[in-house]
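A short worksheet on the structure shown next.
All values below come from the heavy atoms of this structure, side chains included, with hydrogens, waters and symmetry mates left out.
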Amino acid sequence: MQWPDGKKLAVFVNVAFEAWSPGVAPGVSPMGNPLPAGLPDTAAESWGRFGYRRGIWRLLDVLDRLAVPATVMVSGLLTELAPEAVRAVLAGGHEICGHGWVQEQLPAQLTEDAEAAMMARCLRELGAAGAAVSGWISPRCTPGPATFGLLRRNGLSWTGDVFDDDRPYLLPGEGPPLVAIPLTMETNDLPLVIKHGYSPDTFRANFADTVAAALDSPHPALHLDITAHTHVAGRVGMAAAFEAAIADVASDPRVWIGTRGQASRLVLAAHTAAHPASAASRAGSGVAP
């Protein structure tokens, strides 16, 4: 597997653009300590709304200044709550991937029929907004037992719902090939900044150190992610750190910054070239290209 122009490492810039149903709060709160059981967490609800009121616009400005493409995980409900922001993502040349309808609706909690209906609704509304969706990352990156089969049935070609490698591979299963592009978590603002309390400067340094290790390792990763949530890194201090982290790596001639959809097409092309007679049959083998 080689990236364009012989680059050694792929970096995927991910923006998580998420929404919760009205009256439902995110699972974490800006105040830290949970409220007494049964009490509505209106602070967390308001904190989550920042993502589509302000955060997405700030991060789109960052990406525009850097002139880099992003994979934007979009909750389907945002086609109703913030349609102009969804259109702005596409106008900026970014890739939209399905991210469920709302964040509290986890595939692992749904029946197959309910998940199929949720996925169809999300893809339908994102498509109506102008997105050509080729991939999917479930809410909380947590698929159910039927998720990968449903992705194939809906004609999608990649998923980020795995964490078991830092190289893409083909998932086992019947039907068309489905590329697994594992989500690397070394630089993700939600666990690093919100859960563990790291500073924006540490977020930037963590990414720089991880990229340097990947480029210098005799057993390198093939790809790394930097992930920003609009309601977390869309705030002014984190947005500045996010911009600086990407700018640092963008100047390295060994690094290719692309989208996960672009990467999936490269993986499928490499697999087909290596196994022209057996690409279809080996799509279910789970063997990396």
query: Under the salt bridge (Lys or Arg N to Asp or Glu O under 4.0 Å) test, which residues partner E45, sequence neighbours left out?
result: none
message: Suppose we screen for side chain to side chain donor-acceptor pair (under 3.5 Å). Which residues come up paired with T79, at least two apart in sequence or across chains?
response: none
Without placing hydrogens or testing angles, list every side-chain donor-acceptor pair under 3.5 Å for residues 137-146, not counting sequence neighbours.
unit_1	atom_1	unit_2	atom_2	d
S138	OG	W136	NE1	3.1
S138	OG	D161	OD2	2.6
T142	OG1	R140	O	2.8

task: Using side chain to side chain donor-acceptor pair (under 3.5 Å) as the criterion, list what pairs up with T202, not counting sequence neighbours.
output: S199
task: Could you check L150 against M118 for side-chain contact (heavy atoms from CB on, under 4.5 Å), going step by step and ending with a plain yes or no?
output: CA-CA 11 Å; L150 292 172; M118 176 274 290; over 6 Å; no
Partner residues of S134 under the side chain to side chain donor-acceptor pair (under 3.5 Å) criterion, sequence neighbours left out: W158
- prompt: Any salt bridge between E112 and R153, counting N to O under 4.0 Å?
  reply: yes
task: Return the set of residues passing salt bridge (Lys or Arg N to Asp or Glu O under 4.0 Å) with E243 (not counting sequence neighbours), or none when no residue passes.
output: R65
task: Considering non-hydrogen atoms only, spot the tightest contact between V72 and F17 and give its length.
output: CG1-CB, 3.9 Å
- request: Could you pull out all residues at least two apart from D201 that satisfy salt bridge (Lys or Arg N to Asp or Glu O under 4.0 Å)?
  value: none
query: Is there a side-chain contact between H223 and P182, using heavy atoms and a 4.5 Å cut-off?
result: yes
- prompt: Excluding sequence neighbours, so at least two apart, what forms salt bridge (Lys or Arg N to Asp or Glu O under 4.0 Å) with R167?
  reply: none
query: To which residues is V24 joined in a hydrophobic cluster, defined by side-chain heavy-atom contacts under 4.5 Å among Ile, Leu, Val, Met, Phe, Trp and Tyr, whether direct or through other members?
result: W20
task: Quick one: list whatever passes ring pair (Phe, Tyr, Trp, His ring centres under 6.0 Å) with W47, sequence neighbours left out.
output: H231
query: ring pair (Phe, Tyr, Trp, His ring centres under 6.0 Å) with Y52: which residues, sequence neighbours excluded?
result: none
message: Checking D166 now: which residues fulfil side chain to side chain donor-acceptor pair (under 3.5 Å) with it, not counting sequence neighbours?
response: none
message: Tell me if a side-chain donor or acceptor on H94 pairs with a main-chain N or O of A70 at a distance below 3.5 Å.
response: yes
